[in-house]
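Just dropping this structure here.
Bear in mind the structure is a predicted one, so any value in this text is a computation, not a measurement. By convention in this document, chain letters (A, B, ...) are assigned in the order of the sequence lines, proteins followed by strands, and residues within each chain are numbered from 1.
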Amino acid sequence: MKHIAIIGNGISGVTAARHIRKLSDHKITLISAETEHFFSRTALMYVYMGHMKQEHVKPYEDHFWAKNRIDLKMGFVSKIDVSNKKLIFESGEEMPFDDLIIACGSKPNKFGWKGQDLEGVQGLYSWQDLELMEKNTQSIDRAVIVGGGLIGVEMAEMLLSRSIKVTFLVRESRFWGGVLPKEEGELVSRHIKSHHVDLRFETELQEIIPDENGRVKAIKTKAGEEISCQFVGLTAGVSPNVDFLKGGAVDLNRGVLVNEFLETNIPNIYSIGDCAEFHQHPTGRRNLEQVWYTGKMMGETVAQTICGTKTAYRPGVWFNSAKFFDIEYQTYGWVWAEPKKNEATLYWEHADGKKCLKLVYDKNNHSFLAANVFGIRLRHKVLDYWIANQTKISQVIGQLEDANFDPEFYENSFPAIKQQFQSQIPQTV
Amino acid sequence: MTKIDKDIALVSGPPKDINTTQKIATLIGMSGLLILVLAAFNVNFPNKGVWLTIALSAIAGGIILYSKGAYGSKQEGIKNDGVWFKSISSRGFWGWIAGIAMTGFYIVLYFFPALLGLHPDGENTGVIALFDPLSKALSGNAASQWFVYGTLYTVAILAFGIKFMWKYRHNKYERLRTFSVMFFQTGFAFIIPELMARLNSDSFSLPYYDLKNVWPLNYYNFEQYRVDQMISAGNVGLGLLIFGVLSILVITPILTYKYGKRWYCSWVCGCGGLAETAGDPFRQLSDKSTWAWKMERWMVHSVVVFVVIMTTAVVSTYLGYDDQKYWLTKGTFLLGVVALLTILIGLLFIFRRDELKKDAKIGAIGYFAIILAMIGIHYSTGNNIFMFEAETLRSTYGFLIGSVFSGVIGTGFYPILGNRAWCRFGCPMAAIMGMQQRFFSKFRITTNGGQCISCGNCSTYCEMGIDVKAYAQKGQNIVRSSCVGCGVCSAVCPRGVLKLENGEDAGDSRYDSDPITFGNDGIKVNF
Ligand SMILES: Cc1cc2nc3c(=O)[nH]c(=O)nc-3n(C[C@H](O)[C@H](O)[C@H](O)COP(=O)(O)OP(=O)(O)OC[C@H]3O[C@@H](n4cnc5c(N)ncnc54)[C@H](O)[C@@H]3O)c2cc1C
Ligand code: SF4
Ligand code: SF4
């Protein structure tokens, strides 16, 4: 029986722990500097908006951990003593380990803006950030959010639920422009504006201006405009939370460097989740994968390896989802903001401007590659099958309705979509 | 500077308060209630019909105006902001006040109707008298406390139904099923039985019959006075009696097989109707712990055993001492019940062994309890079963389950236990359909591959206390006996993970999950 220590009780560390428990009898310790029990980071916004309380966003009941013999340890690891195989905590405490999994997650990006550490300026990642945001947004009426990504739009929705007016600075010419193609980006932008968010494209932050008490009172854009506000949300992406490993024996780049088996350069030390960076991604995707699902899959994979079945990380077809205020978004396969040379796209949009479907296929062999969908739910299993099996686009269109996952009685847009797409694909397909 | 939106308030804070429209609406609704309360305290209103109309319109109008204030100016979508900040919906001060007031009302209604002005032998007074004109217009008779209750119940389902439809106006499933419960409540529970009462004369009399109210929810359906009335009321009465038996033995199983128990619980049933409309603001208060789930299984199945024994005892008693009157004898009846139960339990153990697992124990204990009781009934004569009289059994059931559980606790405690405490812990009808739903039905909630982010919205807003995310995050389908198919878990899920479906197959594949989409390509384990 070995002792497996896991730094981080987020989705990746917890998934690893659960699977190791299922596969073995090893002693497992889950370490966190954040909260005693695992909670769903993706649900932070709902706690702030009053949809749920902390107890609701814990995926497992509190007795789950003892029952599954997973030890919980609160504390911040400040150093890994690689040669003696032990962890050294900030408190001075030490903990020996046989295997170590580094699953320490991310932290919000700060790009060295002037005033980024003022009172009232913050990112949103941890439970502590949420508590700080609660405190920072009492009795205020204006906020500015910097950085147009998924966390930014969640923050906008959070602030609006408390009647705080939001100005949203986005560097690109449309919302989430680095990821979403033009049509989808415009659809989302329209919807965000319809919620009275003051959305500013091609606008970047120059500096944050304090009042006499060292609290934010305004921001200045690169164009020189000053916008007064009492809160600034910094949501320009996240980066691996690996400062405590700097100067140590474990190799780092932006994150903890790993091979396809999620092994670091030190034997018996692994890394998974947001903080793991592949030398070379096993399936050619980006080397950093900072989403919930990949953290889960990496946890599953590393558990196999640690329990004796050496397993490479081979995630299947990419998928992701999000919600922009009232519009749900799902994506399957990789839809590029600008189509690649070999790609052709089909785009349908509902007359109400709140639903759309984009299909991407290969111009040459006509196989279906990817989909973006807004306001309609699609069936993961079916999309995964089509993409993994390089199904022909004509067949996908013909069977599109099989992928419908909307609730019963919903308006069925599929006949209209089918008709439009069928007339748009080359007749030879 | 940027443009200022006028519809946004100036100072922030958690959304706890209601807006001006909602305040006015509350005032209007409360004034309607006040008329009823004053009447209850014997303020004698002239023109009772007019005042009743004013009171009911004010209540309904207030609720509808309140909904406009809440949802009218907002875009369609999920409306759960501030639910846990408001004291009424988070077991805070106002939650307790509302709970106590409603419980008090139920206690008076069930046990002290004279306080409301009921005088069976003379003129009604108080609030019941206020309802006389409406009752006379419908059935020709003076009002009773049940008529008052039925009217308020119907008004509540209609007005809060409109509120619910407004809240979920983007969701056609929710709109349709809410319309359906509004329809069944108004037509089947309220108007038709009152009109049926009009047909009654000295020579012809039908029991009060809410057609959608199926035994065992309607636990008194086969009592002697009702059966006698139905038999003596010619073809219509006999039709009703046969319909009552077919309802539970044929219609219910077929519909539950095809659609799950939701066809009844959240589309037809009156208890469900009130829970889904007036009770909707309290759905998040149901207990999701595994402990509560265990309690639920023991309690609700005990009620099933109780109601089966009680009904069998009551029926076999009158079959026994009045054996000239009925073509069915006590012995045949008992044998029939035992045979039916044995076949059902046998089928379950043969075809669903693997799924039964832990619940096999509950099933076996319940079955043997019933069989023992049947033997007891068989060997007892007169009105006695062992030491109890059948009538005592019936009145105990009526008091404990029919009144205290379903009314006082079930509805009075909405703001404390959530809106479906009765449906979950007490309703024998729900338990019977639930067993079938779990083992022999096409219904399931499908989980969408790996898309779940474990956010917890689905579990939080499941009124039946099902920990939906526990299944969703593992990629498993949800096949649970207690699910009433309200569809709210699916509605509130921000990632499109859940879909209520009647699949092709009612067999084992319902329980399977899909490892393909869930994880690493190389790993096919899934737990
Ligand atoms: C607001 C928000 C919304 C999101 N929404 C989505 C979404 O909808 N879909 C999606 O796919 N992804 C979403 N994400 C991203 C997703 O939450 C992350 O990808 C995921 O949580 C990463 O999990 P992890 O286990 O790798 O790390 P984390 O969840 O970050 O866990 C790491 C843990 O390690 C602890 N830790 C770090 N260093 C130490 C140390 N030295 N000692 C002790 N403990 C330490 C941290 O305190 C933390 O608790 C969202 C993120 C945020 C912030
Ligand atoms: S599981 Fe979903 S559909 Fe079933 S009762 Fe709960 S919320 Fe309603
Ligand atoms: S609401 Fe949806 S995403 Fe959230 S836990 Fe439930 S199934 Fe998962």
Parallel, tilted or perpendicular for A:F409 and B:Y173, by the 30°/60° rule? parallel
Enter the distance from B:K74:NZ to A:H195:NE2 here, rounded to the nearest 0.5 Å. 10.5 Å
At a heavy-atom separation under 4.5 Å, does A:E134 approach chain B through its side chain, its backbone, both, or neither? side chain
Looking at B:E174, B:R175, B:R262, which makes the most heavy-atom pairs under 4.5 Å with chain A? B:R262
Which portion of A:Y46 sits near chain B, non-hydrogen atoms under 4.5 angstrom: side chain
Need one label for B:S89: side chain, backbone, both or neither, based on atoms under 4.5 Å from any heavy atom in chain A. neither
With a cut-off of 6.0 Å (strictly less than), are more than 12 heavy atoms of other residues, nucleotides or ligands near OH of B:Y71? yes
State, with a plain yes or no, whether a side-chain heavy atom of A:E328 is found less than 4.5 Å away from one of B:R495. no
Taking all heavy atoms of B:T290 and all of A:H63, pick out the closest pair and write down the distance. OG1-NE2, 3.5 Å
The reported gap from OG1 in B:T460 to CD in A:E55 (rounded to nearest 0.5 angstrom) is 8.5 Å
So for B:S289, is it side chain, backbone, both, or neither that comes closer than 4.5 Å to the heavy atoms of chain A? both
Going by heavy atoms in the side chains, are A:M49 and B:F85 under 4.5 Å from each other? no
Examine whether an atom of A:F39 lies under 4.5 Å from a heavy atom of chain B, and if so say whether it belongs to the side chain, the backbone or both; otherwise answer neither. neither
Option that, when pairs with chain A are counted at under 4.5 Å, heavy atom only, ranks first among B:S454, B:G77, B:G456: B:S454
By a 4.5 Å heavy-atom criterion (distance strictly below it), what part of A:L378 contacts chain B: side chain, backbone, both, or neither? backbone
Given side chains that start at C-beta, do those of A:K323 and B:I78 come closer than 4.5 Å, heavy atoms only? yes
Just checking A:K58: does its NZ atom have more than 12 heavy atoms from other residues, nucleotides or ligands closer to it than 6.0 angstrom? yes
Do you know which of B:D81, B:N171, B:I453 has the most heavy-atom pairs with chain A at a distance under 4.5 angstrom? B:I453
Measure distances from A:V47 to the heavy atoms of chain B and classify the residue's part below 4.5 Å as side chain, backbone, both or neither. backbone
Heavy-atom proximity to chain B below 4.5 Å, by part of A:Y332: side chain
Should B:V83 and A:H51 count as side-chain neighbours, where that means a heavy-atom distance under 4.5 Å? no
For B:K469, is it the side chain, the backbone, both or neither that has a heavy atom under 4.5 Å from a heavy atom of chain A? side chain
When rounded to the nearest 0.5 Å, the distance separating CD1 of A:I11 from CD of B:Q473 is 7.0 Å
For the residue pair A:A43 and B:C455, what are the closest heavy atoms and their distance? CB-O, 3.5 Å
Is any side-chain heavy atom of A:Q330 closer than 4.5 Å to one of B:Q451? yes
Atom group of B:V492 that falls short of 4.5 Å from chain A, counting heavy atoms: neither
Non-hydrogen atoms of chain A under 4.5 Å away: do they reach the side chain of B:L500, the backbone, both or neither? both
Answer whether the closest heavy-atom distance between the side chains of B:Q284 and A:H56 falls below 4.5 Å. no
Answer yes or no: are there more than 12 heavy-atom neighbours, outside B:K79 itself, under 6.0 Å from its atom NZ? yes
Out of curiosity, A:Q54 CD to B:W84 CH2, how far, rounded to the nearest 0.5 Å? 13.5 Å
Relative to chain B, which segment of A:T309 carries a heavy atom at a distance below 4.5 Å: side chain, backbone, both, or neither? neither
Can you tell me which of B:C452, B:S90, B:G487, B:A470 forms the most heavy-atom pairs within a distance under 4.5 Å of chain A? B:C452
Under 3.5 Å, side chain of B:Q75 to main-chain N/O of A:D326, donor-acceptor pair present? no
Quick check on A:D62 against chain B: is it the side chain, the backbone, both or neither that has a heavy atom closer than 4.5 Å? neither
Between A:R379 and B:E501, is the salt bridge (charged side-chain N to carboxylate O under 4.0 Å, His left out) condition met? List the steps. CA-CA 13 Å; A:R379 204 179 281 268; B:E501 290 189 286; 2.6 Å; yes
Whatever's closer than 4.5 Å to a heavy atom in chain B on A:E408 counts as both
